[in-house]
Amino acid sequence: MPGRRQGLMKMNLFAEIRALVVASLDEMVAAGDLPSGVDFAAVAVEPPRDAAHGDMATNAAMVLAKPAGQPPRAIAEKLTARLQGRGGITSAEVAGPGFLNLRLQPESWQGVVRSALAEGRDFGRSDLGRGRKVNVEFVSANPTGPMHVGHTRGAVFGDALASLLDFAGHEVTREYYINDGGAQVDVLARSAYERYREACGLEPEIREGLYPGDYLIPVGEALKDKYGDSLLDKPEADWLADLRDFATAAMMQMIRDDLALLGVKMDVYSSEKALYGTGKIEGAIDRLRGMGLIYEGTLEPPKGKLPEDWEEREQTLFRSTAHGDDVDRPVKKSDGSWTYFAPDIAYHFDKVTRGFDQLIDILGADHGGYVKRLKAVVSALSDGKVPLEVKLIQLVKLFKNGEPFKMSKRAGTFVTLRDVVEQAGADVTRFVMLTRKNDAPLDFDFDKVLEQSKDNPVWYVQYAHARVSSVIRKAGEAGIAADDATLGQADLAKLSHDSELALARKIAEWPRLVEIAARGQEPHRVAFYLYELASDLHAHWNRGNDDTSLRFIQDGDAATSQAKIALARAAGVVISAGLGILGVTPAEEMR
RNA sequence: GGCCCCGUAGCUCAGGGGAUAGAGCGACCGCCUCCUAAGCGGUAGGUCGCAGGUUCGAAUCCUGCCGGGGCCGCCA
């Protein structure tokens with residue numbers, strides 16, 4: 001997937017101006033105005049906090065003052081001389097503690113609009129990732145029941161992060177790890193057996209510790225269809241393995257359906273069970289053993305409140321402390337069987353050997369205590385070459401009318417993904433769940449997210465996109481050609497009003513925002529940016545109320561209309577691309 | 001006891017080395033006889049938990065403390 005657009009010329013005005021600044025600094029080195037060997041990495045070109053400071057600002061003089069042994073002002077003045085008049089820079093002036101404020105000619109912003117139209121939804125794509133192979137493992141819900149709200153946020157976050165990294169030039173694999181090898185699938189099988197007995201007309205015994213959910217009833221019926229009553233009086237040993245497979249497959253089908261409902265599509269499903277019997281666990285452990293990282297020993301009892309039944313036992317341990325963990329971790333239980341950690345070691349080793357340059361795991365925040373040992377595993381088994389990033393997803397608190405919401409029509413105990421999507425819709429669910437950092441708790445109010453007002457960011461952004469579509473439709477009704485090809489040829493020099501240029505400036509920030517968000521693995525930044533862009537579009541739109549010359553459609557003046565509509569369309573294209581990363585469908589009309 | 005996350009406006013949250021710390025809600029003040037008001041503009045509101053430190057510069061990085069949450073052997 002990556003690289004498929006690499007032939008396209010990419011427009012990133014901030015990157016271009018930064019390149020110009022760096023080139024000027026290089027010239028200053030050549031001219032003896034700066035010492036050689038100074039690192040320019042910290043030189044940044046960014047939008048200024050205050051629009052009165054100009055279009056762009058660079059901190060070059062301040063960052064270089066110390067390594068260059070010159071006062072900021074001296075550097076700034078020499079740099080100013082070299083920047084004036086180049087690359088559309090009309091003025092460069094020193095300000096504040098040593099900022100260099102740059103102003104650009106209107107043509108620069110008009111060029112951004114033209115690029116957005118030419119590149120369409122690829123405007124803002126970056127080669128930041130340079131085609132690096134990244135594996136994003138997310139959801140990985142146990143195949144023992146339907147997905148609930150917590151999984152939903154992880155699914156949305158993981159999918160959006162994957163899209164974001166793809167957009168920023170990484171080769172991304174979306175992966176789901178099926179925990180189908182542990183004790184919980186035995187419990188699932190036993191629970192399904194009771195539902196099977198129920199389907200055969202007997203009274204099910206849903207004992208304590210079994211899964212009580214209704215979702216197993218159809219599994220029981222399917223089992224009856226398959227086995228008749230042949231399993232009824234058989235001992236567990238006769239049916240456990242078969243029912244495990246059967247029920248797990250049914251649960252995974254249900255989970256895939258849930259994910260599809262949200263619009264999430266995995267590239268790879270990996271099975272824990274498939275690791276057993278292939279020697280992969282033993283192989284990974286042996287590899288660690290070869291590094292001297294596996295030993296037999298006992299752990300210190302945990303500090304603080306001791307478990308009541310604590311007793312010291314010898315276990316097979318992984319020396320994770322050699323790779324940054326706080327204590328060593330057991331890979332075998334005292335009875336000699338693997339702990340749940342062992343297959344995770346093998347699974348992460350498998351990901352490493354598949355040649356990924358980077359691994360990302362997305363886990364619930366309650367797994368925070370697991371992070372260090374996973375990093376230790378990957379560090380050891382990749383010889384420190386493959387970074388593992390673990391993103392923890394905080395809880396979602398559900399509300400309805402401001403009141404905490406806990407009911408579920410389906411399972412009785414938790415709110416399922418399906419419940420949420422059926423009430424709020426996939427687009428709204430996705431957008432709202434991405435309006436918060438992954439490590440901050442999220443409030444999700446069923447009423448607020450569906451509200452049609454500017455208080456609701458989903459609606460607000462969608463409305464901005466719909467307005468653009470509306471303008472284009474209306475242009476057609478007025479006999480003004482407004483297809484992308486025509487708009488791409490529009491005379492953008494007609495865009496000169498401050499309000500128009502302000503909108504173009506916001507559009508110009510998109511490629512930069514993509515890189516910042518991708519670098520920080522923070523898709524929520526896309527959501528916030530889209531809100532700001534929508535706000536700028538609405539603001540500009542509204543100015544047309546007072547000043548008719550700012551309206552997109554100018555009666556009887558096709559050329560001016562097309563220039564203005566081109567601006568609107570450029571904003572629409574960016575909203576569409578941004579929503580695409582978030583996995584949200586742009587609205588054509590609000591209805 | 002240890003580890004991780006959080007603490008920014010009345011509320012919900014952005015910002016995570018740079019200029020006068022932002023947005024939405026709420027409050028207050030304006031804007032539709034008409035073409036683009038399910039909207040827009042403006043005002044008020046802050047010792048960025050506290051104390052040290054690093055730096056030319058700290059809400060941002062480091063240390064300690066306070067407050068809130070999560071996790072902490074043979075469960076996944």
Side-chain angles (χ1 to χ4, degrees), chain A residues 42 44 46 48-50 52-53 57 59 62-63 65-66 71-72 95-99 101 140-142 144 179-185 187 272 298-307 309-317 325-341 343-344 364-372 390 392 394-395 435-443 445 448 451-457 459-460 463-464 466-467 470-471 474 520 522 524-525 527-529 531-532 535 538-546 548 550-553 555 590-591:
Chain A
E46 18 180 59
R49 191 190 292 281
D50 187 339
H53 293 148
N59 59 358
M62 288 183 294
V63 205
K66 188 162 200 175
F99 283 103
N101 289 333
S140 298
N142 285 340
T144 55
N179 283 285
D180 54 2
Q184 79 279 4
V185 287
V187 175
E272 174 192 358
T298 54
L299 289 170
E300 295 284 312
K303 298 279 161 77
K305 47 187 188 286
L306 262 188
D309 56 344
W310 169 269
E311 51 182 288
E312 213 173 70
R313 285 180 189 168
E314 187 166 279
Q315 295 170 282
T316 303
L317 299 169
D325 201 355
D326 305 309
V327 289
D328 294 337
R329 306 292 179 174
V331 297
K332 272 189 181 175
K333 305 176 194 172
S334 47
D335 69 1
S337 64
W338 297 118
T339 62
Y340 61 89
F341 184 38
D344 274 354
D366 54 345
H367 289 66
Y370 206 50
V371 173
K372 286 190 179 184
V390 182
L392 297 177
Q394 267 293 354
L395 294 177
T435 53
R436 212 98 305 176
K437 288 186 286 201
N438 58 288
D439 53 8
L442 170 79
D443 290 349
D445 190 308
K448 282 187 185 160
E451 196 172 289
Q452 299 208 339
S453 79
K454 67 165 185 169
D455 309 352
N456 178 0
W459 180 86
Y460 190 74
Y463 184 40
R467 273 185 152 173
S470 162
V471 163
K474 285 192 172 144
E522 297 169 322
H524 74 275
R525 286 178 186 268
F528 279 93
Y529 169 82
Y531 182 84
E532 291 168 13
S535 179
H538 288 309
H540 177 60
W541 180 288
N542 198 58
R543 284 188 194 105
N545 286 329
D546 300 328
T548 55
L550 291 181
R551 297 184 182 186
F552 293 104
I553 297 174
D555 288 338
M590 297 313 284
R591 188 179 42 79

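Since the model is a prediction, treat every value here as computed from it, not as a measurement. Letters A, B, ... mirror the listed sequences (proteins, then strands); counts begin at 1.
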So do the side chains of [X] and [Y] get within less than 4.5 Å of each other, counting heavy atoms only?
{"X": "A:Asn142", "Y": "A:Asn179", "value": "yes"}
{"X": "A:Leu442", "Y": "A:Gln394", "value": "no"}
{"X": "A:Tyr460", "Y": "A:Ser535", "value": "yes"}
{"X": "A:Glu272", "Y": "A:Tyr340", "value": "no"}
{"X": "A:Val371", "Y": "A:Leu392", "value": "yes"}

Return the value, rounded to whole Å, for the distance between atom [atom1] of [X] and atom [atom2] of [N].
{"X": "A:Asp325", "N": "B:C72", "atom1": "CG", "atom2": "P", "result": "14 Å"}
{"X": "A:Arg329", "N": "B:C71", "atom1": "CZ", "atom2": "P", "result": "15 Å"}
{"X": "A:Glu532", "N": "B:G15", "atom1": "CD", "atom2": "C1'", "result": "10 Å"}
{"X": "A:Met62", "N": "B:G18", "atom1": "CE", "atom2": "C1'", "result": "5 Å"}
{"X": "A:Asp335", "N": "B:C75", "atom1": "CG", "atom2": "C1'", "result": "13 Å"}
{"X": "A:Phe528", "N": "B:C13", "atom1": "CZ", "atom2": "P", "result": "10 Å"}
{"X": "A:Lys474", "N": "B:U36", "atom1": "NZ", "atom2": "C1'", "result": "7 Å"}
{"X": "A:His540", "N": "B:A37", "atom1": "NE2", "atom2": "P", "result": "15 Å"}

For a quick test of reading the model: is some side-chain N or O of [X] closer than 4.0 Å to OP1 or OP2 of [N]?
{"X": "A:Tyr463", "N": "B:A38", "answer": "yes"}
{"X": "A:Lys333", "N": "B:A76", "answer": "yes"}
{"X": "A:His524", "N": "B:G15", "answer": "yes"}
{"X": "A:Tyr370", "N": "B:G70", "answer": "no"}
{"X": "A:Asn545", "N": "B:A37", "answer": "yes"}

Between the protein and nucleotides 5-8 of chain B, which nitrogen or oxygen pairs are less than 3.5 angstrom apart?
{"unit_1": "B:C5", "atom_1": "O2'", "unit_2": "A:Asp439", "atom_2": "O", "d": "3.4"}

Distance-minimising heavy-atom pair for [X] and [Y]:
{"X": "A:Asn456", "Y": "A:Glu451", "answer": "ND2-O, 2.8 Å"}
{"X": "A:Arg551", "Y": "A:Gly544", "answer": "NE-O, 2.6 Å"}
{"X": "A:Phe552", "Y": "A:Val471", "answer": "CB-CG1, 3.8 Å"}
{"X": "A:Ala42", "Y": "A:Val63", "answer": "CB-CG1, 3.2 Å"}

Residue mapping more 5' on RNA chain B - nearest nucleotide basis, A:Ala365 or A:Lys66: A:Lys66

Assign each of A:Leu299 and A:Phe341 to its nearest nucleotide of RNA chain B by heavy atoms, then name whichever residue's nucleotide is nearer the 5' end. A:Leu299

For [X], which contact category applies under a 4.0 Å heavy-atom criterion: base, sugar-phosphate, or nothing?
{"X": "A:Ala65", "result": "nothing"}
{"X": "A:Gly368", "result": "nothing"}
{"X": "A:Arg525", "result": "sugar-phosphate"}

Flag, side chain of A:Thr339 to backbone of A:Pro330, donor-acceptor distance under 3.5 Å: yes

Is a donor on one side and an acceptor on the other found under 3.5 Å between the side chain of A:Asn545 and the backbone of A:Asn542? yes

What's the closest nucleotide to the [X] side chain, out of [options]?
{"X": "A:Thr548", "options": "B:C35, B:G73, B:G39", "value": "B:C35"}
{"X": "A:Arg551", "options": "B:A37, B:C75, B:C35", "value": "B:C35"}
{"X": "A:Gln452", "options": "B:U55, B:C4, B:A38", "value": "B:A38"}
{"X": "A:Pro97", "options": "B:U36, B:C74, B:A19", "value": "B:A19"}
{"X": "A:Glu272", "options": "B:G73, B:A76, B:C56", "value": "B:A76"}
{"X": "A:Gln315", "options": "B:G73, B:G18, B:A19", "value": "B:G73"}
{"X": "A:Ser334", "options": "B:C74, B:G41, B:U36", "value": "B:C74"}
{"X": "A:Phe552", "options": "B:A76, B:U36, B:C40", "value": "B:U36"}
{"X": "A:Tyr460", "options": "B:A19, B:G41, B:G39", "value": "B:G39"}

With sequence neighbours left out, write down each residue that passes salt bridge (Lys or Arg N to Asp or Glu O under 4.0 Å) with A:Glu532, or none if nothing qualifies. A:Lys506

Please measure how far the C1' atom in B:U12 lies from the corresponding atom in B:C4, and state the result in whole Å. 24 Å

Base of B:A19, side chain of A:Asn101 - is there a donor-acceptor contact under 3.5 Å? yes

For nucleotides 20-26 of chain B, print each protein N/O atom paired with a nucleotide N/O atom at under 3.5 Å, atom names and distance only.
{"unit_1": "B:C25", "atom_1": "OP1", "unit_2": "A:Lys454", "atom_2": "NZ", "d": "3.1"}

Decide, for B:C5, between syn and anti: a glycosidic angle within 90° of 0 counts as syn, anything else as anti. anti

Under the side chain to side chain contact (heavy atoms under 4.5 Å, CB included) test, residues paired with A:Arg467 that sit two or more places apart: A:Tyr463, A:His538, A:Trp541

Give me the stems containing RNA chain B, sorted by first residue, counting only three or more consecutive Watson-Crick or G-U pairs with both distances under 3.5 Å; say none if there aren't any. B:1-7 with B:66-72, B:10-13 with B:22-25, B:27-31 with B:39-43, B:49-53 with B:61-65

Polar pairs (N or O, both sides) under 3.5 Å between protein and nucleotides 10-12 of chain B?
{"unit_1": "B:U12", "atom_1": "O2'", "unit_2": "A:Arg436", "atom_2": "NH1", "d": "3.3"}

A:Lys332 NZ/CZ over A:Trp338 ring centroid, <6.0 Å and within 45° of normal: yes

